[in-house]
Number of protein chains: 2
Amino acid sequence: MESDTLDHPSDIAAVSTATGLAKDTLRVWERRYGFPQPERDAHGERVYPAEQVERLRVIRRLMDRGLRPGAIVGLPMQELLARHDASADVPSRAAAASEPGADQESASADGGLPPDQPERAALADVMTMLKQHRVEDMRQLLNQCLLRAGLQRFIVDMVVPLNGMVGEAWMQGRIQIFEEHLYTEQIKHLLRNALGNFPTGSQTPKVLLTTFPGEQHQLGLLMAHAFIAAEGAQCVSLGTETPVWDIVQAARAHRVDVVGLSFSAARPARVARAALEDLRLRLDPAVHIWAGGSIWQSARKGVPGVTPVPDLAGVSKIVADWRANAGTAASTISTAANPALASSLT
Amino acid sequence: MESDTLDHPSDIAAVSTATGLAKDTLRVWERRYGFPQPERDAHGERVYPAEQVERLRVIRRLMDRGLRPGAIVGLPMQELLARHDASADVPSRAAAASEPGADQESASADGGLPPDQPERAALADVMTMLKQHRVEDMRQLLNQCLLRAGLQRFIVDMVVPLNGMVGEAWMQGRIQIFEEHLYTEQIKHLLRNALGNFPTGSQTPKVLLTTFPGEQHQLGLLMAHAFIAAEGAQCVSLGTETPVWDIVQAARAHRVDVVGLSFSAARPARVARAALEDLRLRLDPAVHIWAGGSIWQSARKGVPGVTPVPDLAGVSKIVADWRANAGTAASTISTAANPALASSLT
DNA sequence: AATTCAGTTTGTCCTAGACAAACAAGCATT
DNA sequence: AATGCTTGTTTGTCTAGGACAAACTGAATT
């Protein structure tokens, strides 16, 4: 019952949603690289064998790590997995602090919070429980860790690494997607619950939280929410996928000091950049923009007037910075928080 | 600052995600009905004026209510809104008990729970607070209602009607999308929180909850979760968008008695039907399937072996039925709960 | 070590035609 | 007056190959 891969063949629409690759892209790859090479049904329409869908999913995953299609499309499964292991060796480029595919080292090393030893053991336990579907045990253990470590440390030392481990395990076929779903759901429950017990912080930076359309990145958003709320700031979350125009409206209506955006590694960085620039343009210059998540791996250039939050643990510092310079126009000071950008402008 | 519609023109991809209409569909409509009629940029690519996007959104909304494109695409905005009011007169066909576009009457009339008078007033208050962005007040009021009415009544008498009112208000331009987002987010917080305080029910039907891929229907799923949990059943939620195969795997792994699916009115009913049949085929016959949400408006035929839950309030009865006939193979008894289907088979 | 320049890669958009599944409506049957 | 069958129509999605701008690579230059 383990690697019980399904023989279920799928049409192009199903493959597109399953892999997150646009239909056009699937057709173009077939034309250019000779993979995938679907069979055809009676009407000449593409029918993808499950094995190819599987391969496409792994390819998608590798692309999220920064590899380019031309280099990997067409490689056999075995080789793909090898590349995957190789790319995991370069965590600096690889994964950031939000989705599965995340990176524990940078998170716990960079933050001001010391890593916690006993958590390391708990990580493995959670994975075991997940694999054995001991939902209730898992929930209890996580809750216990949360209470012990506190919300912020819990996120940095447990949730982020776990995200990475879960993503990794799925990649290697050690767990099923539904188990990943299950894990995500548990964490969401836990975080929301913890968040519910916080009184709506009334301290200085009032932060509006959301993601851009196309980013179904609930977990990252929620982690950011929890982290910022734990900092004592006032949070208003709009949930995922708010169009730029509506973000502007909402920011105005709620008179927020900061707009926080969360990004997954999923979509190409260029769209994110464009949207950020657009938002910067339309938003009141006094309102800061904090952009967190995985854009900062691949993007070398920052966006002017946008404070990068490459790392959840960095949030504390950025909140502190904001409080120090409260009231300064965002587009003026924001580069200070980004050494790379600052130096590139001198 | 009210009907401050944006002059922002969009490319076809943006329009597609904004309206939920496939790119192909947008092009075909243009060819067939002469609407939309985007301008072209320097490279001959479509550029949709905001006014047309707005119209497309309303059209999409009308289609969710069962109207067909041929009859409404090409109509001017004014006429569209008129049709909208007209279609609202037929709640039997119109909206179900889950997403914005939902229907209060059927929900409170059909259920065993008596409607609550004071709630009626609260509904209007919530809408007012939402429009004035008094988030904290709104949260408090909702919470108060929840405590007073209890989880189930709260959902049936408040959340469902509110969903309808919010959808309606958006439709008529009385509120912005971000306000809809904000509302949704509040409700989700509230429900998750309430759910967290339930001990994981250990009573008989163990229910696996999720949606099919393409259904980003968190709120409906969450309402179902809360409702079923309040019945004392044991719930395992996988979150949204689980592929059929993974549902089967998860059902097996967790040894659930029932798989519960939640549907929005968003996607065409035929895909939902196909997926349900597929699931029925692959799933252990002893496991029941409960399908809730908006498929049962447009679909005349039921799916054999699937128990329709056209109405959240009906959940109580269905759980009771399950407990009465516990252990019976799903595909045998399920039609009993569906009078229409049962009669069509005699 | 940073910048510019050419060359290559890659995703998305374009057109226009085809077709099956879903639907409506009329007709025949019980 | 329902139910079942046969039409014709509507509608979404698929296919094909061509085009092109934006993003990347890597070497040559300051």
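Here is how names work: the chains are called A, B, and so on, in the same order as the sequence lines, proteins then strands, and each is numbered from 1.
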State, to 0.1 Å, how close Phe35(A) and Val73(A) come at their nearest heavy-atom pair, and which atoms those are.
O-CG1, 3.6 Å
Would you say the base of dG11(C) and the side-chain of Arg32(A) have a donor-acceptor pair closer than 3.5 Å?
yes
Glu79(B) atom CD: more than 12 heavy-atom contacts under 6.0 Å
yes
Atom pair distance, as rounded to whole Å: CG in Leu26(A) and P in dG11(C):
10 Å
Expressed in angstrom and rounded to an integer, what is the separation of Leu67(A) atom CG from dG11(C) atom P?
13 Å
Find which nucleotide of DNA chain D each of Val47(A) and Ala71(B) is nearest to by heavy atoms, and output the residue with the more 5' nucleotide.
Ala71(B)
Glu45(A) CD to dC19(C) C1': how many Å, rounded?
8 Å
Does Arg27(B) make a side-chain donor-acceptor contact with the base of dG12(D), cut-off 3.5 Å?
no
4.5 Å side-chain heavy-atom contact, Ile289(B) and Leu276(B):
yes
Tell me: CD of Glu30(B) to P of dT11(D), nearest whole Å?
17 Å
Value for OG1 (Thr19(B)) from CD (Gln52(B)), rounded to nearest 0.5 Å, stands at 12.0 Å
Atom-to-atom span, CG of Asp11(B) to P of dA21(D) - whole angstrom
15 Å
Could you tell me whether a side-chain N or O of Thr211(B) sits under 3.5 Å from a main-chain N or O of Glu241(B), the two making a donor and an acceptor?
yes
Integer-rounded Å distance: dT11(D) P and Trp29(B) CH2:
9 Å
Using the side-chain heavy atoms of Ala22(A), tell me which of these nucleotides is nearest: dC13(C), dT15(D), dT12(C).
dT12(C)
Thr25(A) vs dT10(C): side-chain N/O to OP1/OP2 distance below 4.0 Å:
no
For the pair made of CD1 in Ile59(A) and C1' in dG11(C), what is the distance, rounded to whole Å?
16 Å
Side-chain N or O of Lys23(B) versus OP1/OP2 of dT12(C): is the shortest distance under 4.0 Å?
no
Under 4.0 angstrom between Arg31(A) side-chain N/O and dA16(D) OP1 or OP2:
no
Which residues in residues 33-43 of chain B have at least one heavy atom lying under 4.0 Å from any atom of DNA chain D?
Tyr33(B), His43(B)
Given that Ala13(B) and Arg68(B) both sit by DNA chain C, which one's nearest nucleotide is further toward the 5' end?
Ala13(B)
Without decimals, in angstroms, what is the distance between Leu56(A) CG and dG11(C) P?
12 Å
Using the rule given for salt bridge (charged side-chain N to carboxylate O under 4.0 Å, His left out), can you reason through Arg27(B) versus Glu30(B), listing the C-alpha separation, both sets of side-chain angles and the distance that settles it, and then say yes or no?
CA-CA 5 Å; Arg27(B) 287 191 272 254; Glu30(B) 183 181 340; over 6 Å; no
What I'd like to find out is whether the side chain of Leu261(A) reaches to under 4.5 Å of the side chain of Leu279(A), using heavy atoms alone.
yes
